[in-house]
Amino acid sequence: MSGRVCTSILQRASCYTVTLSFSSSSQYVHPVVYPSSHLQHTQYCRLSTWSTSRRARSCCNLKKAGNGSQKGRKLSTRQDLDFQLSRVQINGILRSNEQTVSVPEFDGRGLNAVRKFESNQLAANTPNEDRRSAATCLQSKGMLFGVFDGHGGWACAQAVSERLLYYIAVAMMSKQSLEELERCMEHGRAVPPILQWYKHHTDFNYRDSASLYIEHLRVFWQEILDSEEHGDGMSPSDALACAFKRLDADISLEAQVPLSSDLMKSTAIQVAFAGSTACVAHIGTDGIHVANAGDCRAVLGVREKDGSWSALPLSKDHNSQNQAEVERIKAQHPPSERNTVITDDRLLGVLMPLRAFGDVRFKWSLELQQSILASLESGGDLDSLNLYQYIPPNYLTPPYLNVAPEITYHKLRPQDHFLILGSDGLWDELGNEEAVRLVGEHLSGIHIQAPVSPSEKQMKLGQMLELLLKRRARASPALDSNAATHLIRHALGTGEYGDLCQERLASMLALPEDLARMYRDDITATVVYLNSDLAKPHHN
Amino acid sequence: MALSPVLLPRLLPPQTGYRLAGRGLWTSPHLFTVSGDSQLLPLPGQARVVICGGGIVGTSVAYHLAKLGWTDIVLLEQGRLGAGTTRLCAGIVSVAKPISIECKMANYSNTLYEQLEGETGVKTGYVKTGSLCLAQNQDRFISLKRLASRLNIYDCFFVMPEYRKLNLHIFMHFLLSLYFILFLALSHLPSLFLPCSYSGVQILERTTVQQVLVEKGHVMAVETDRGSIECEYFVNCAGQWAYELGQASEMKVSVPLHGCEHFYLLTKPLQEAVPPSTPVVIDMDGRIYARQWHGGFLSGGFEKNPKPIFTEGRNQLEIQNMQEDWDHFEPMLTSLLRRMPSLESAEIHQLVNCPESFTPDMRCLMGETPGVSGYYVLAGMNSSGLAFAGGAGKYLAEWMTYGYPTANVWPLDVKRFGNLQSSRTFLRHRVMEVMPLLYELKVPRWDFQTGRQLRTSPLYDRLDTQGARWMEKHGFERPKYFVPPGKDLLSLDQSKTFYKPDWFDIVGAEVKCCKEAVCVIDMSSFTKFELTSTGDQALELLQHLCANDLDVPVGHIIHTGMLNERGGYENDCSVVRLSKNSFFIVSPTDQQVHCWSWIKKHMPSDPHLHLEDVSWKYTALNLIGPRAMDVLAELSYVSMTPDHFPSMFCKEMSVGYANGIRVMSMTHTGEPGFMLYIPIEYALHVYNEVMSVGQKYGIRNAGYYALRSLRIEKFFAFWGQDLDAFTTPLECGREFRVKFDKDTDFLGREALLQQRQDGVTRRFVMLVLEDHDTELDLWPWWGEPIYRNGQLAGTTTSSAYSYTLERHVCLGFVSPPPGPEGLPTPITPDFINRGDYEVDIAGQRYPAKAKLYPFSSLFTQQKRRKDDLELSNLQGK
């Protein structure tokens with residue numbers, strides 16, 4: 001009986017949702033007003049603002065973000081009894097990190113290969129260890145999108161997410177622009193902006209370390225200026241490779257050098273000892289460059305001639321499933337280590353991704369690690385840094401890890417419609433084809449599903465009808481206007497017949513903090529819609 | 001029976017059956033085997049008839065031709081006999097069809113199949129089951145009652161919702177009739193026909209027709225992938241591919257049909273096997289049908305959102321690999337399980353995708369094509385192939401043998417369409433409407449919504465902004481009525497009714513204006529031909545074709561029928577003698593193709609005799625009403641009074657600034673007024689002038705509904721609705737338009753003379769409904785049974801509300817019961833005048849007064865030479 005009451009409550013709640021979503025959908029009518037636009041704002045982050053806001057408390061934004069997710073949890077605990085949430089609550093949780101940005105086709109400097117992007121995150125860790133970045137290069141061409149999956153805390157992912165795009169943009173800048181930049185810095189003039197950032201209100205910066213970061217970025221461009229053959233700037237692939245390696249080197253360096261403030265020092269240590277994978281796409285009118293280190297993934301959505309969607313992965317996962325990657329690592333170490341380098345599908349039995357930023361424990365020599373940790377211990381900082389004192393087993397011939405990205409280039413074609421960047425939390429739940437189909441159908445509004453499978457045809461008529469109704473519900477206009485939310489909803493809520501199962505979704509979201517990570521990972525998804533019309537002149 | 005490929009071998013009849021029965025050339029026992037390596041028969045170099053298509057339709061034609069004594073028939077099939085739609089069809093033969101010719105065909109098929117099974121021993125699983133037709137709402141119930149009343153079914157009864165097993169809702173009624181539906185269980189139905197066919201039929205499988213060669217407008221040969229066959233006749237029974245085949249001919253032949261996917265479900269046998277005698281359940285509101293199948297059910301439907309296929313044309317291989325689409329089937333499955341919840345536990349055997357071909361008006365395509373003589377078509381069965389194949393094959397065989405079939409097949413005649421319906425886009429859009437329509441509620445005067453605004457008058461936009469509501473005939477938009485400004489009619493869906501429609505008062509006002517002032521109706525859709533010659537060939541031809549005397553002074557208009565050898569109307573038209581040797585022929589809109597080919601067929605090939613279709617050159621405005629003469633007089637400075645411009649005359653004159661307007665003193669309604677035939681570039685000018693001058697006479701726009709009301713209350717018969725190729729002028733009181741004593745021996749004269757001597761056995765009458773409440777009672781439409789003294793005596797052909805009589809008027813034919821030996825009895829005026837008549841509308845009979853003449857009071861305003869003559873000449877006096 002109680003079950004029935006429960007169902008009726010759920011049903012009533014769902015009715016309520018319908019009316020609610022109708023009224024709220026009026027928001028979407030204005031093309032310039034994005035869903036939850038009050039939550040999201042585009043920031044021009046000039047280098048100069050870093051220096052002025054130095055006094056601001058570090059991580060204050062982080063706390064706010066933490067509170068935000070706490071609020072979501074509280075909603076869930078109210079219904080702990082059955083792990084069920086109402087549709088309103090589900091939508092609230094799913095949409096709190098939504099971001100939608102439309103990009104003008106012509107921004108005064110040139111045509112844009114990106115029409116729009118939509119992004120979302122759902123945390124399983126508390127706080128979230130995934131990060132995302134999106135920015136337009138103002139001094140060079142194209143847009144940059146990054147997805148960063150942190151491990152051992154969020155510190156490294158945070159630092160990479162705010163710094164990497166600058167490194168890439170700077171590497172692509174022409175010598176002339178860099179000289180101008182340097183002159184401004186030298187004379188204390190306002191520097192021309194390098195990037196136009198698109199940030200969500202929960203995204204934040206390490207304000208205390210800003211000056212350090214600028215300083216090291218400046219060193220980077222000075223070195224570029226010193227090099228002879230820079231000229232027009234690096235090609236995107238060179239810039240990506242160079243920026244990845246340079247930033248990781250800087251992270252490593254910052255943890256070793258004495259720093260002026262304790263706060264800065266502890267941040268640098270946390271960043272270096274934590275780790276982060278990264279998948280960054282540079283999208284220009286000529287094509288897409290993807291640099292990947294780790295197990296985030298970039299997948300291109302391609303519309304075939306018959307109108308169906310297919311997936312073209314633009315990156316390879318660097319994990320133990322990737323045999324070439326495993327071989328690469330084994331080859332870098334003596335044959336005696338062949339059986340210990342990768343154990344239990346992990347690097348030295350510890351680390352899942354096989355390439356990453358930070359993670360100095362897998363990069364530094366034992367002596368260096370010990371001396372740094374010792375100096376910290378003497379300073380009494382170690383406890384506050386929450387660093388575990390451990391050495392990976394069989395740590396014989398470091399480094400075991402680097403961040404050199406694998407770079408792919410894809411020339412933009414008319415049939416290429418969007419690019420999905422996702423952290424492994426997304427790809428654990430969805431296959432490439434499934435994700436592309438979901439976004440493709442979300443984009444076109446046409447829902448082509450895989451036909452009912454032969455095994456399903458063994459069902460009885462009643463069961464078949466039930467399945468068909470679910471399939472129809474799934475094919476009916478999407479609940480989310482944001483494709484990234486749409487992906488996350490389906491990643492978590494897809495039932496055994498490939499249908500969207502409300503109960504499953506509700507229980508996945510209602511998991512208490514301590515359990516959530518056992519059932520799902522942090523999920524970040526960014527869907528970039530391409531201006532595939534631009535590709536037409538290049539075609540044929 | 002619908003058959004999955006797996007089951008095919010299992011149900012093959014024993015081979016001995018073939019050998020035993022096979023008398024002809026096709027004795028190959030491999031004929032129906034699945035293996036593809038059987039020896040191909042050599043292709044004959046010539047044949048009398050080549051039939052393309054080895055489905056049930058093609059084989060039926062072959063069978064009936066052979067039966068009528070034809071020999072030298074070759075039937076070509078690109079794949080296997082009965083491998084296309086026929087193999088997959090659901091195997092239901094319904095005899096409850098919307099029009100009588102279809103009922104006749106289905107009835108005949110039904111009898112034939114039963115008889116053939118006995119003759120040939122081919123086990124078809126033929127069972128008479130009857131059916132349950134469900135109505136989920138009152139309107140559907142009415143339409144079922146109308147159907148029952150029309151089919152004259154008495155052994156039907158209505159059951160109320162207690163019938164639990166079918167999970168009925170309120171408002172659910174049943175119509176159960178044992179003679180409604182039967183079904184066949186046979187995969188390769190064509191084989192039914194084969195053992196009986198005479199030795200004249202040769203069947204060649206795996207032979208693809210590539211094109212039909214034409215010489216001098218006549219079929220000469222058929223080119224196949226295995227060589228060509230010279231032939232006199234070609235029959236296109238290619239089903240789905242008939243359109244493409246038509247296009248592939250040397251002279252393109254228009255076969256307007258388009259394929260749609262059609263799905264049905266097969267269940268495994270239920271735990272408690274469904275007995276074969278279980279009636280077919282038809283729930284049109286739920287858009288489904290269901291029948292017994294191997295102890296389980298077969299259920300399909302006609303969904304709202306059909307999937308048209310083969311728009312670009314495909315080959316036959318693909319018809320067998322059609323994809324099932326469960327998601328598409330979901331609404332029908334929902335419907336089925338709502339109706340029969342116990343089927344929830346039934347197991348799925350298969351979902352079958354069986355493409356069917358549909359035509360622009362839901363009726364099949366039959367007959368000789370207009371452009372190529374000897375080229376016949378039988379296709380476009382609208383998913384009733386099984387029901388129609390027998391009867392349609394018979395009629396087509398008769399047509400080929402005698403030159404005409406033994407029943408009026410005009411509603412199915414391929415000549416009702418022209419090239420204009422041959423656009424692939426049009427067909428695709430139209431069939432998407434047609435397929436759902438099969439199960440949709442059809443109320444009086446519904447119109448197609450797709451494929452519209454193809455042909456329009458130059459005044460279309462002017463009229464549209466003035467509130468015109470449109471109907472379509474032969475692709476031409478015609479105004480129904482004009483919604484006055486500020487008045488809103490119900491939306492289309494809501495105005496669907498079997499009762500008094502919402503336009504009642506609007507049309508009433510238009511009629512009143514026609515009677516008292518003047519109205520203008522755009523009647524540009526009429527078919528208009530000009531026949532000219534250097535000598536008197538034109539007159540000679542028309543004197544031969546027309547029953548009336550065309551040798552009249554220049555400027556006279558003659559109403560005349562063009563009759564066939566049997567005296568029946570092939571066309572009913574008005575002919576104007578423009579000059580000594582040129583004639584202007586105005587025919588009904590849908591005669592454009594038929595009349596053209598009828599005249600062409602009888603026209604000597606004489607370079608000095610010229611027929612031209614000028615339909616598109618003229619905009620026709622009908623000025624109806626007593627003040628029409630005032631309007632025209634003012635615009636032309638010519639007196640238009642009957643003294644100066646008597647009725648049934650035509651003059652070329654100026655109207656406004658425009659010169660060369662053909663003004664004719666006739667209105668097609670019996671009301672005073674004029675038809676203006678205006679060269680299209682003047683149309684807008686003349687219309688504007690007429691409207692502005694007419695203002696002071698109270699002019700207004702009117703539409704065809706007003707016209708219909710006017711013509712029906714005046715007892716004017718219209719060809720296509722009331723008159724057909726089986727109706728003679730004597731039967732409809734038009735002997736005065738037949739000039740037996742004119743110099744030329746016209747077509748049909750012999751037959752009419754004979755009929756005059758024998759007496760007519762049916763008579764066109766006018767029935768004025770008494771005791772019928774316009775507000776509360778169901779309205780008549782057409783096809784209602786007429787009873788005389790309680791006995792079925794005929795059927796109505798058209799009806800309208802007469803605003804003058806304030807009564808409904810039905811037109812229709814009645815005939816006395818057959819004599820003692822079953823011979824038809826001649827009808828007498830007494831039979832008409834001395835009977836108590838009733839018209840049955842959906843089972844309710846309304847007393848009616850039968851009349852042979854229109855109410856003379858309606859003509860009092862007119863004292864015209866010609867009309868007096870017409871009245872005094874009425875037959876039966």
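The structure displayed is predicted, hence computed values, not measured ones. Quick note on labels: first sequence line is chain A, next is B, and so on, each numbered from 1.
Distance check: Leu337(B) CG to Met464(A) CE gives 11.0 Å after rounding to the nearest 0.5 Å.
The number of heavy-atom neighbours closer than 6.0 Å to CD of Glu304(A), taken from other residues, nucleotides and ligands shown, is above 12.
For Leu265(B), the part lying under 4.5 angstrom from a heavy atom of chain A is the side chain only.
Residues Lys460(A) and Glu344(B) approach most closely at CB-O, 3.4 Å, considering heavy atoms.
Annotation: side chain of Leu465(A) is in contact with side chain of Glu330(B) (closest heavy-atom distance under 4.5 Å).
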Determine, stepwise, if the pair Leu468(A) / Thr334(B) fulfils side-chain contact (heavy atoms from CB on, under 4.5 Å). CA-CA 9 Å; Leu468(A) 293 177; Thr334(B) 304; over 6 Å; no

